[in-house]
Amino acid sequence: MAAVTLKNVVKRFGGFQIIHGADIDVNDGEFVVFVGPSGCGKSTLLRMIAGLEDISGGEIAIGGKVVNDVEPADRGIAMVFQSYALYPHMSVEQNLSFGLRMNGNPKADTERRVKRASEILRIAELMKRRPRQLSGGQRQRVAIGRAIVREPQVFLFDEPLSNLDAELRVQMRVEISRLHKELGVTMIYVTHDQTEAMTLADRIVVLRDGYVEQIGRPLDLYSDPDNQFVAGFVGSPKMNFIKARVLGHSASGVTVELAGGTRLTQPLNGPVPEPGSKVVVGVRPEHFGHAGKGDADLSVTIDVVEHLGGTSFLYTRTAAGDDIVIQRDAAEVPDAPEITVSIRKSYLFDDNGRRLR
Amino acid sequence: MRYQNATAYRFLAPYLLIFSIFWLWPIIGSFLISFQATRTVPWRFAPTFNWGRLIGDPAFFNALKNTLLILVIQVPVMITLAIVMAVLLNSPLLKARGLFRFAFFAPVVVGEVAYSAVFRLMFNLDYGIINKLLNSVGLPRIDWFSNVTPAMAVIIIAVTWRWAGYNAIILLAGLQSIPQDVYEAATLDRVSKLKQFFYITLPLLKPIIVFCAVLSIIGTMQLFTEPFLITERGGPGGGTETLGLLLYRQGFRSLNFGYASAIAYTMAGLAIAISLVQLWLTRDPK
């Protein structure tokens, strides 16, 4: 087991910088998820930790030892690839033992490790099969097994579930969680799927365009995002954003006017934006209530209703043209095409997307 | 349904007609000719005339021996060379990859007569560049075309030069179809580049290697141009005469089509047999 520390890590491809000074501390035994949209640099960052990409600047340490110039095999890591990267011409057993055999590991120890991995992942009956004879989920297990036999200090997962169907993804997610509890090893996991991030992580690192946007526990990111990007990225359906203008401030906070005339007052501890400046009000779908029971009321027209069983999502539009998604109990879905809802909780962001607290 | 089939066959008819006349009939016809005595007109049916001669003909066995000798040396050497070339072409360290790829493939495009003439010049006893090079490092010059072994070597070198690049390009396509992350996984497993080559690249490339080998076996069994043009009709003294050349000599110089057909069928049969053995030897264990 080992902690992983990234200090001002930079990656350039030619003249193009794609990681801009990442500072991340992963504690010993922690499960950290790097999440962000495609092209945000999360996989590159993981590959830099693995040693498969050079580090253009900064420092990466594993278990207190700087590994910038250490060979990938000597970093004490094991990686699970998105495509599984199994050796197609070898049986499952050979896939698991290949690395150990190539390095002259004692036969008895290799057998012990392979047996243990196959037991942990329940793949003992697949040992003689080739990868092409396995289902996606089984291949993924073998790929994880290959990481386990290395007995690494840190597990790295590069979007390991993105090639699986939805049901299997949920199942493997639970398995990976169980594996983390069982092995107690540091795990760094890359995904673009915020649901995976929320359900698996001890802490989440949200990345965008090579910048770390926020690091925190899943529910902290959800309930207290630092900026509009994190607020929008974490949570499904995503947070609604409504354009607004600052009217002024008083002892009770800053008052903003939403396009359409709705006024909303929010307490503010930090610097107060100038009256007249543009802001964005963020409201999560579940933070709308019945009219008159929140901070402000908003009239919307219902476009589409999605019934998911217990809850329903109303896809609506304000008179000013803002698209709003509202979560309701299935029993409370109104018949009328136009409804008025209240905003029970909201977030305020400035024109640059920074959170106003 | 039957009507639709009939329509389809009507559309196919022109092709099938031409296919039958120019492809199917010659195949059947030549097989039938091989059972006829064709040295004198009129031809007559004599099943053992050509096939019986084949079994006892020293010229046939000489050509067979030469062909197999070239095959046994040239194909493995060329395939090995092609693999090395493909790996080099695939290396991220290589600059001007497109240029090299073209250069390796170019021999296939060059006219056979032109390239044969160049090889004759290069291996010329008195002013060929090869003998000049041998002299310059203190080795005696070699009379390439007057002795059987050097003449055979020239054939093998020429055929290898001509086809190694072609095979390298096919193998390169195979190499590029091996996913990069398999190598990354091996790197993380502390498997050296050399071991990666022997334990990952070669096994995964095996189907392509077998494909290239079978193509080369078929090609070499039919070898004609090089011994015809470079060593002047299988010289010296039939020392480089191949089955293809013997066939040509019998069919088109002696106009003994029956015997030539028997030789042709023997060549095809051998090529199929050797290829099948090759496929069987390199089959997947399961």
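The chains referred to below are lettered A, B, ... by the order of the sequence lines, with proteins before strands, and numbering in each begins at 1.
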Any side-chain heavy-atom pair of A:Gln82 and B:Asp181 under 4.5 Å: no
Minimum side-chain heavy-atom gap B:Asp189-A:Arg146 below 4.5 Å: yes
B:Glu184/A:Arg47 salt bridge by N-O under 4.0 Å criterion: yes
If every non-hydrogen atom of [X] is compared with every non-hydrogen atom of [Y], which pair is closest and at what distance?
X	Y	value
B:Lys195	A:Met102	NZ-O, 2.9 Å
A:His89	B:Tyr199	NE2-O, 2.7 Å
B:Thr187	A:Ala73	O-CB, 3.7 Å
B:Val182	A:Ala85	N-CB, 4.1 Å

Just checking [X]: does its [atom1] atom have more than 12 heavy atoms from other residues, nucleotides or ligands closer to it than 6.0 angstrom?
X	atom1	answer
B:Phe224	CZ	yes
B:Tyr166	OH	no
B:Tyr183	OH	yes
A:Asn68	CG	yes
A:Glu59	CD	yes
B:Phe19	CZ	yes

When A:Gly51, A:Ala147, A:Pro88, A:Ala143 are compared by non-hydrogen pairs under 4.5 Å with chain B, the top option: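 Of the options given, most contacts go to A:Pro88.
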Chain B contact via A:Leu86 - which portion, at a heavy-atom distance below 4.5 Å: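 Just its backbone gets close to chain B.
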Interatomic distance, B:Leu188 atom CG to A:Phe81 atom CZ [nearest 0.5 angstrom]: 5.0 Å
